[in-house]
Amino acid sequence: MNHDPKTFRIKSFGCQMNVYDGERISELLTETGLAAATDGEDADLVVLNTCHIREKATEKAYSDVGRLKREDGSRPMIALAGCVAQAEGAEAKRRSPMIDMVVGPQAYHRLPEMLREAARGARPVETDMPALSKFDALPKRRRANPSAFLTVQEGCDKFCTYCVVPYTRGAEISRPRADIVAEARALVEGGAKEIVLLGQNVNAWEHEGHGLAELIREIARIEGLERIRYTTSHPADMTDALIEAHGEVEKLMPYLHLPVQSGSDRILKALNRSPTTETYLRTIEKVRAARPDIAVSGDFIVGFPGETEDDFEATLRIVDAVRYAAAYSFKYSARPGTPAAMMEDQIAPEIMDERLQRLHARIAETQLAFNRSTAGRETQVLIERRGRRAGQMIGRSPWLQSVHLHTSAEPGAMLDVTLTAAGPNSMTGALRQKDAA
Ligand code: SAM
Ligand code: SF4
């Protein structure tokens, strides 16, 4: 192993907050004098930015570590980061002698110091949760993707009975408003056209009496910024002010990720999710009254302990009632240390598989119906990356659909487009006259 790494690679798994953390770690290491390894190059340092949300994540992290051994028997310096690092702590060093350092999601600003300690042969572990100090210690943002993530809130106090987040990410904390606005400005100066505000419960963001709606209105005033999104929201924190913002703030995109998890009130209670399905549906109605074309997405868990066929059918019914434009569904995974892991009536894996398939099929139907409802619309598309075919680019519609189109425009361009055809997972677009040249 090279004790004086010059190049690094970061592998991020899991949620968008991990993607954000991965970007910040990359900026920090660059500022420290390391360079990102190029494609195909062996990096001197590999940071595995892990996810702990579902089972096998821990085992996967250790097998990912094992796979970093090269054919000649050498290996890079290895930092285990993210939520598995937080959950495992010093145990990680005992389980894998290849791990040189362990750093939790609230402590990665200490990586430069840890690299120096590792160079001296130590194997440092940092899993403290010192509130917001990491943000103060990170370098200013300089370059940004056309669509850039910005974490505004971390941790969670909701304690849903199945979820590890309150344990791995700690208590709910909101970053100060001025810091967020400064970071948003830096991202726009660095090339961002869209900012996605992130938090485990982003709509619980609160600072000096201001809520997320006010923060969105303030960020919307940044010149050069064209689009704002936020994710993930908890139904219990969906305030009227935020709903109103959807009708009034032009830059706020018509997309809302509002997970309900189950369509059965009995299961919602067991999940410790606060609103009932009726309250959830009323919230969706209010959001649609404020912004009729809004695309609603969600998350679902199937096979929670005690879930009956009736409970599951209620979930299928809520998919139909909401007409989701997109949704993620997961098989329940028992997480050590969570109350649900100790519950009786765990559901057999084959029943979970069968329910998951039926739920996927139902979501695919509502998603296709939503995509079809937008076909023929004239709208704007933010170009994000190249497609697989020559001359093809991929961008996003306001409703977060992937749009495939032919253009010579580069990532970051905002184009006037007609959505010409709807597919199950994406749209085809054509440039309108003004941009067609
Ligand atoms: N805070 C967000 C919320 O409450 O909707 C979600 C954050 S969580 C990182 C993302 C999704 O992972 C959840 O919405 C849930 O559907 C899923 N999830 C969390 N724990 C899970 C578990 N133990 N088994 C299966 N899915 C789980
Ligand atoms: Fe996990 Fe529930 Fe918190 Fe979401 S609200 S992060 S699902 S505990």
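Atom set for the values below is all heavy atoms of this structure, side chains included, hydrogens, waters and symmetry mates excluded. Order of appearance sets the numbers: ligands from 1, and atoms from 1 within every ligand.
Because its NZ or CZ atom is not both nearer than 6.0 Å to the ring centre of Y162 and within 45° of the ring axis, R335 does not count as a cation-pi partner of that residue.
One finds a salt bridge joining R177 and E218 here, because a Lys/Arg side-chain nitrogen approaches an Asp/Glu carboxylate oxygen to under 4.0 Å.
Here C160 meets the criterion, with an N, O or S atom under 2.8 Å of atom 2 (Fe) of ligand 2. The distance from atom 3 (Fe) of ligand 2 to the nearest N/O/S atom of C156 is under 2.8 Å.
Protein heavy atom in closest approach to atom 10 (C) of ligand 1: D299 OD2, 3.8 Å. Among all protein heavy atoms, the one lying closest to atom 1 (Fe) of ligand 2 is C163 SG, 2.3 Å. Distance from atom 7 (S) of ligand 2 to its nearest protein heavy atom, with residue and atom name: Y162 OH, 3.3 Å. If you check which protein heavy atom lies closest to atom 15 (C) of ligand 1, you get Q261 OE1, 3.5 Å. Counting protein heavy atoms only, atom 4 (Fe) of ligand 2 is closest to R273 NH1, 4.1 Å.
Between the N49 side chain and the N18 main chain, a donor and an acceptor come within less than 3.5 Å of each other. T366 contributes a side-chain N or O that, together with a main-chain N or O of I363, makes up a donor-acceptor pair within less than 3.5 Å. Within the 3.5 Å criterion, the main-chain N or O of L198 finds no donor-acceptor partner in the side chain of W205. When atom types are taken as modelled, the side chain of T279 and the backbone of P275 share no donor-acceptor pair closer than 3.5 angstrom. With hydrogens and angles disregarded, no donor-acceptor distance shorter than 3.5 Å links the side chain of E27 to the backbone of L138. Using modelled atom types, one side-chain atom of D44 and one backbone atom of T7 make a donor-acceptor pair closer than 3.5 Å. At distances below 3.5 Å, at least one donor-acceptor pair connects side-chain atoms of K193 with backbone N or O atoms of G412. Without hydrogens or angle criteria, T168 side chain to Q86 main chain gives no donor-acceptor distance under 3.5 Å. The backbone N or O of L258 lies less than 3.5 Å from a partner atom in the side chain of Y280, making a donor-acceptor pair.
Looking at H257 and D299, their side chains do bring a donor and an acceptor atom within 3.5 Å of each other.
Looking at S333 against ligand 1, both its backbone and its side chain come within 4.0 Å, counting heavy atoms. Contacts between Y162 and ligand 1 below 4.0 angstrom, taking non-hydrogen atoms only, involve backbone and side chain alike. Contacts between P259 and ligand 2 below 4.0 angstrom, taking non-hydrogen atoms only, are absent altogether. When heavy-atom distances to ligand 2 are checked against a 4.0 Å cut-off, N201 comes that close only through its side chain, counted from C-beta outward.
Atom numbering of ligand 1 starts at 1 in the shown order; those under 4.0 Å from a heavy atom of R273 are 3 (C), 4 (O), 5 (O). Here is the list of ligand 2 atoms found below 4.0 Å of a heavy atom in H234: 5 (S). With ligand atoms numbered from 1 in the order given, ligand 1 contributes 1 (N), 2 (C) to contacts under 4.0 Å with heavy atoms of Q200. The atoms of ligand 2 that sit less than 4.0 Å from any heavy atom of P166 are 8 (S). Proximity to R335 (heavy-atom distance under 4.0 Å) selects the following atoms of ligand 1: 23 (N). Taking a cut-off of under 4.0 Å to the non-hydrogen atoms of P259, the atoms of ligand 1 that pass are 5 (O).
Residue K331 places a heavy atom under 4.0 Å from ligand 1.
Ligand 1 has no nitrogen or oxygen under 3.5 angstrom from a nitrogen or oxygen of H234.
The option from I53, T232, T338, I301 that lies nearest to atom 6 (C) of ligand 1, judged by heavy atoms, is T232. Of the options R54, H257, R169, the smallest heavy-atom separation from atom 17 (C) of ligand 1 is shown by R54.
Applying the side-chain hydrogen bond (donor to acceptor under 3.5 Å, both in side chains) test between R175 and each of H207, E154, E183, Q153 identifies E183 as the sole match.
Protein non-hydrogen atoms do reach within 4.0 Å of atom 19 (C) of ligand 1.
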